[in-house]
There are 4 protein chains.
Amino acid sequence: MHTPAKMTDNRAEQGSYSFPAPAADAATRRPGRTNRTQHKLFNAALAIMSVKGPSSTTVEEVALAAGVSKGTVYYNFGSKKTMVDQLLQYGAQLLADQVVHGAQDDDPRAAVRGGVLAALRYLEEHPGFARLWIAETWKGPESWSATLIEIRGQLIEAIEKMLQRLSSRYSVDSSQDIRTMSVAIFGSIFMLSMDREVHSSPRSAEESVLPVMLMIDSYIKA
Amino acid sequence: MHTPAKMTDNRAEQGSYSFPAPAADAATRRPGRTNRTQHKLFNAALAIMSVKGPSSTTVEEVALAAGVSKGTVYYNFGSKKTMVDQLLQYGAQLLADQVVHGAQDDDPRAAVRGGVLAALRYLEEHPGFARLWIAETWKGPESWSATLIEIRGQLIEAIEKMLQRLSSRYSVDSSQDIRTMSVAIFGSIFMLSMDREVHSSPRSAEESVLPVMLMIDSYIKA
Amino acid sequence: MHTPAKMTDNRAEQGSYSFPAPAADAATRRPGRTNRTQHKLFNAALAIMSVKGPSSTTVEEVALAAGVSKGTVYYNFGSKKTMVDQLLQYGAQLLADQVVHGAQDDDPRAAVRGGVLAALRYLEEHPGFARLWIAETWKGPESWSATLIEIRGQLIEAIEKMLQRLSSRYSVDSSQDIRTMSVAIFGSIFMLSMDREVHSSPRSAEESVLPVMLMIDSYIKA
Amino acid sequence: MHTPAKMTDNRAEQGSYSFPAPAADAATRRPGRTNRTQHKLFNAALAIMSVKGPSSTTVEEVALAAGVSKGTVYYNFGSKKTMVDQLLQYGAQLLADQVVHGAQDDDPRAAVRGGVLAALRYLEEHPGFARLWIAETWKGPESWSATLIEIRGQLIEAIEKMLQRLSSRYSVDSSQDIRTMSVAIFGSIFMLSMDREVHSSPRSAEESVLPVMLMIDSYIKA
DNA sequence: AATGAATGAGCGTTCATTCAT
DNA sequence: AATGAATGAACGCTCATTCAT
């Protein structure tokens, strides 16, 4: 009797499901494997939890939406917490990838713009992920999983790296702490994403990136 | 025949307790009354919920911390939800007041700085409030109380007003949507506050205001 | 400090309130006394309990409807149980009086008809009482108060007496047990009353008395 | 994906348990299945509730008596109300069946007697059911479930049908409303049953049927 | 690999009752 | 005589988790 309960291999396969499948590396993928049930559960969990919040979402709801039984959730993830963690981990990796990918530009300013835009677009497409993450983060440090801390670090770091590149071509405001700016940018991005989804403000990613660029422009002109 | 449970008069008195007493209007206040129990509960709730989050905090914990019985919570607030709502409402009013008060300056730019600083300082002093609010907000629109929507409106509006004043003295970047900027600033402020508390980054309010001012400076130079 | 809490004198006064004031003996009545508050509570309790049942009715509801505070109920009755008991006792006395009064006829058959009619009319006018009584009775012997047993005895006895008079003028079916017939009649009366109120069947007391008279007619013709 | 909590299939099997098993149709029944837990709960609930009344009976008591946990009650019935409803529905069906079965006689008068006797005997054997039903009914129309209304209809209807057959062989008293008579008979039966159990009057069903037959005899001789 | 059934700790809420004023 | 405030025991219900099959 095989009991996975602590799976770590949760890459997507080429099935059709709402959470994005990782790009490329098709060559190395095993054809029909990589647990279909877990993906069904991921997507069901994401859909429901991003609406009701993870703590108000019951395991049964998720199981029902995924078309499996409650026991199956435990067979696959071992606990609710584990499921949420893995969901977060998966989504964050994807987001970080997007940012790095969007920031590929020779001009550092354009790179920042590209990275921020990529983040905004990702969050636009997967609003549930942002919601889920914030919900978990705001529970406070006591209840954070290692996963959560790691994720946040990745993202802030991705922003910091983009900012650091700026000084290679522009004269920057040395009085500004890069970490502080990263956090401010991070906050702007998230709040704009939330505002869009939660208050149904029809703001495009292009519009949302503008305030961030204002900040950048002051930074590099100083 | 007095039936609390739906109290609306929750003004503070000049006692010593951790949640700030509303400024001024001391003249009209009744001396020794104005529900002491509700304040004890407010403070206990704020202290605990800002650490564990409202949904993971039990009514009994709050009652215990306030030194009253569980029943007393229900006698005074009628439900857990009501208690949280009133807590939020109370704190938000105070925050909005602080922002308006901090923004009193003839120079619109200095006014923005003052307002943002005031907000940052308030959140620095009452980190629980910010945490609590975000936790509630991020539950998603379905579960929002009228209170929540109202609060958010007040705050965003306070920022918008400060931005609008800028165009009276400076030439501003007309391509920027004021609402979008407000949301971005709002996000920066909150994330900086959270970062400070949650990751114990020893950033002062003066440091935190800088990224926001960068944004403003680009805006008015455009 | 006077604490009545176990009052027994709960006769009505000449105020206007929905529970019927005892007829006659006006001469002996004390003018303005006999606790007005208790009457307000009686009527409020009867009104609410006959709709929701006594166990689902809270002391607070009754107090509210009577326009007094919860504490006042306890000051006046000592406990919820006592209040219900006294309510029952009061109503039952009135009903028994009505039956006896309605049965005043030289012809025993007409007397039965008169008694039954009187009961039906009383229950028609005070449906809450019947409901309340049954609710209490059906809780089972364990939870009966002495009051309840006494009341039932009075009523069944009143019916039995009427049946006994029949043999003085008619030849009766000696194979019938009078007690059994009384209970049967009692059941008919109650169920007809309940049916009328509870299913809003627009049956008059005159119609309802007919089945009972059929029973009587067989009894005296045998 | 099986979600009980709203079960409709609560037929009994041929096990030995205090609530009567439905007659016949043994052919179609699954051998060892047909939820044993629900039957244990039915019987425990009936036993306790008929003594203390449903509202004074706690779910925990029932669970304990049935030898399962509280959670199991909710797994099986979803709510206390549902459990009571299904209990009632089940018992009522059985009673109605008994009446119909007891009323099988070519002579309509004998059929009535048979039907009434069957009802009396059923209630004699299952006094808890009658008590439970009355307790629910007397809560008043506001709190009735559809179940309750349906049940009452079935039973009254069963009586009405027997009365209607009388006119096929006898000349009947056309001035009598059949509905009114049914209700009266219904009341007699119930009160006699209650009297027997609740006041431990050692009256046999044969004795109890007599008053009802008196009524019938007047009816058909008119 | 999956699941139906069961569990039990815990939570929000209710409400009869007490008591100082 | 009356009441506002507080209490605490108890209740209905939820839900993450376990486990035999």
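Keep in mind the model is a prediction, meaning the values are calculated, not measured.
Remark: C1' of E/dC15 and NZ of C/Lys81 are 18 Å apart, rounded to the nearest angstrom. Distance A/Lys40 NZ to E/dA1 P: 14 Å, rounded to the nearest Å. At whole-Å resolution of the value, OH in D/Tyr74 and P in E/dC11 are 17 Å apart. When the C1' atom of E/dG12 is taken as reference, atom CG of B/Leu41 falls 15 Å away, rounded to whole Å.
When each of D/Asn35, D/Thr82, D/Thr37 is tested with D/Asn76 by the rule side chain to side chain donor-acceptor pair (under 3.5 Å), just one qualifies, namely D/Asn35.
Between D/Thr72 and E/dA6 there is no side-chain polar atom (N or O) within less than 4.0 angstrom of OP1 or OP2. B/Tyr75 has a side-chain polar atom (N or O) that falls below the 4.0 Å cut-off from OP1 or OP2 of F/dA5.
With hydrogens and angles left out, the side chain of B/Lys70 and the base of E/dT13 share a donor-acceptor pair within 3.5 Å.
Minimum atom distance to the side chain of A/Thr37 is reached by E/dA2, of the listed F/dG12, E/dG12, E/dA2. For D/Ser79, the side-chain atoms get nearest to F/dC13 when compared with the rest of F/dC13, F/dG4, E/dG12. Checking E/dA2, F/dA6, F/dT17 against every side-chain atom of B/Asn76, the shortest atom distance belongs to F/dA6.
Between D/Leu64 and D/Lys70 the shortest side-chain heavy-atom distance does not fall below 4.5 Å. Between D/His39 and D/Tyr90 the shortest side-chain heavy-atom distance falls below 4.5 Å. Annotation: side chain of A/Asp85 is not in contact with side chain of A/Phe77 (no heavy-atom distance under 4.5 Å). When side chains are defined from C-beta on, B/Met83 counts as touching B/Met49, because their heavy atoms get closer than 4.5 Å.
Applying the side chain to side chain contact (heavy atoms under 4.5 Å, CB included) rule to D/Thr58 yields the partners D/Glu60, D/Glu61; only residues at least two apart in sequence or on another chain are considered.
Axis angle between the ends of the helix from E/dA2-F/dT21 to E/dT21-F/dA2, five pairs each and rounded to 10 degrees, works out to 10°.
Less than 4.0 Å separates DNA chain F from at least one heavy atom of each of the following residues of residues 58-65 of chain D: D/Thr58, D/Val59.
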